Amino acid sequence: MVIGGNMIRIRSCASTNDLARELALAGEAEGTVVVAEEQTAGKGTKGRTWFSPRGKGLYLSVILYPSRPDVSLLPLVAGLAAREAIFASFRIRVGLKWPNDLLWEGKKLAGILCESSFKGNRMTHAVLGIGLNVSHEQEDFPPELRAQAISLKKITPVEVDSEALLESLCPALDRWYGRFLEGRSGDIIRAFEEGSVLCPGKKVTLLVNGEEVRGTYRGLDSRGGLELEVGGRRKTFFSAEITSIKE
Ligand code: BTN
């Protein structure tokens, strides 16, 4: 089934990712999208919360049963689809910050949370969650986020319609997920690097399991891992957060 062929619309839930997970465990079809007007306990990466007030953002999760093992590419797939949908709707090219963020002039416009479940080493399902700030005024964000977050409304004069955005996001997700299923990781990596806020040679600081790691960015590997040269040795990271980027 195509992504968004089955759309479950919810007025309010704790987290669309949690709801999608329950539905996946009950056997809901691949490509089902759960979209909520608000989340009362929206989840971000690294155990953070995702601020999800009613009617201000797009909060959705996609149920997937990926047949491939290289699922570390899925957050990149979602980022590329969201970037493409934003460009199609507003002619704005947002930046991709590995692995989960979409940025506009350094501020966070959207985030991705990909959660997967395994039985032994077999993946049972993946839930790809996307949260996009749509119509927040700056003062709508909690004070601690105001300096780092932004919404589409603040960066485009075009009227922002969440529904229209969702309509272009689903086919974009379907195209990029299709490339993933076909094993076209090279296309995914190339496109992500093209849209990335990072370019090879930049000095990067990562937070890896609470520890800072500094190095020079060298690119992404074929599974979407971030390659950093640290003290003359190349290291690949799959789960880390970029905390600073310098020339
Ligand atoms: C991040 O921290 O950048 C990831 C944010 C992901 C938020 C989305 S909103 C829809 C889905 N449901 C959740 O609880 N989280 C994701």
Side-chain angles (χ1 to χ4, degrees), residues 3-4 7-25 28 31-64 71-72 74-83 85-86 94-104 106-117 125-136 140-142 144-152 162-163 165-166 169-170 172-173 177 192 195-197 206-207 224 226 238-243:
I3 291 181
M7 186 85 74
I8 298 178
R9 293 172 185 279
I10 307 284
R11 213 173 126 71
S12 178
C13 66
S15 154
T16 55
N17 265 32
D18 288 351
L19 192 49
R21 177 175 182 275
E22 282 168 30
L23 291 165
L25 291 172
E28 192 63 71
T32 296
V33 171
V34 180
V35 57
E37 286 172 29
E38 74 166 358
Q39 300 182 114
T40 53
K43 301 191 297 184
T45 52
K46 313 275 178 282
R48 297 184 189 122
T49 54
W50 185 257
F51 177 63
S52 314
R54 174 176 304 280
K56 295 281 174 189
L58 194 52
Y59 318 115
L60 68 123
S61 300
V62 188
I63 297 173
L64 300 171
V71 288
S72 44
L74 289 177
L76 280 57
V77 160
L80 285 164
R83 181 172 192 262
I86 291 168
V94 298
L96 295 167
K97 183 178 161 213
W98 179 91
N100 305 303
D101 297 349
L102 276 77
L103 302 184
W104 173 256
K107 293 189 175 184
K108 186 148 164 170
L109 183 66
I112 290 149
L113 178 64
C114 181
E115 298 181 293
S116 26
S117 288
H125 71 261
V127 168
L128 200 46
I130 305 176
L132 221 154
N133 299 330
V134 174
S135 52
H136 307 61
D140 290 330
F141 291 109
E144 65 279 12
L145 294 182
R146 266 175 217 163
Q148 316 144 28
I150 192 115
S151 74
L152 280 169
S162 291
E163 200 49 42
L165 192 56
L166 184 62
L169 179 55
C170 289
L173 278 165
Y177 184 59
F192 196 92
S196 174
V197 296
L206 295 184
L207 202 56
L226 185 101
F238 286 94
S239 176
E241 183 182 357
I242 299 174
T243 53

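On a predicted model such as this, the values are computed, not experimentally measured, just so you know. All ligand and atom numbering here is 1-based and tracks the order in the structure.
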Pick out the protein N or O atoms lying less than 3.5 Å from any N or O of ligand 1, and list each pair with its distance.
from	atom 1	to	atom 2	distance (Å)
ligand 1	2 (O)	T45	N	2.8
ligand 1	2 (O)	T45	OG1	3.2
ligand 1	3 (O)	K108	NZ	2.5
ligand 1	12 (N)	T16	OG1	3.0
ligand 1	12 (N)	Q39	OE1	2.9
ligand 1	14 (O)	S15	OG	2.7
ligand 1	14 (O)	Q39	OE1	3.4
ligand 1	14 (O)	K43	N	2.7
ligand 1	15 (N)	K43	O	2.7

Which heavy-atom pair separates S135 from D140 by the least distance, and what is that distance?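 That would be O-OD2, 4.2 Å.
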
4.5 Å side-chain heavy-atom contact, F141 and P53: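 The answer is no; the side chains never approach within 4.5 Å.
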
Are any of the side-chain heavy atoms of T45 and E241 separated by less than 4.5 Å?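 No, too far: nothing below the 4.5 Å cut-off.
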
For the pair H136 and F51, name the ring-plane relationship: parallel under 30°, tilted 30 to 60°, perpendicular over 60°.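 Correct class here is tilted.
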
Working to the nearest 0.5 Å, report the span between OG of S61 and CG of N17.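 Interatomic distance, S61 OG to N17 CG, rounded to 0.5 Å: 3.5 Å.
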
For K108, check side chain to side chain donor-acceptor pair (under 3.5 Å) against everything at least two apart and list the hits.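 If we apply the side chain to side chain donor-acceptor pair (under 3.5 Å) test to K108, skipping adjacent residues, the hits are D101.
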
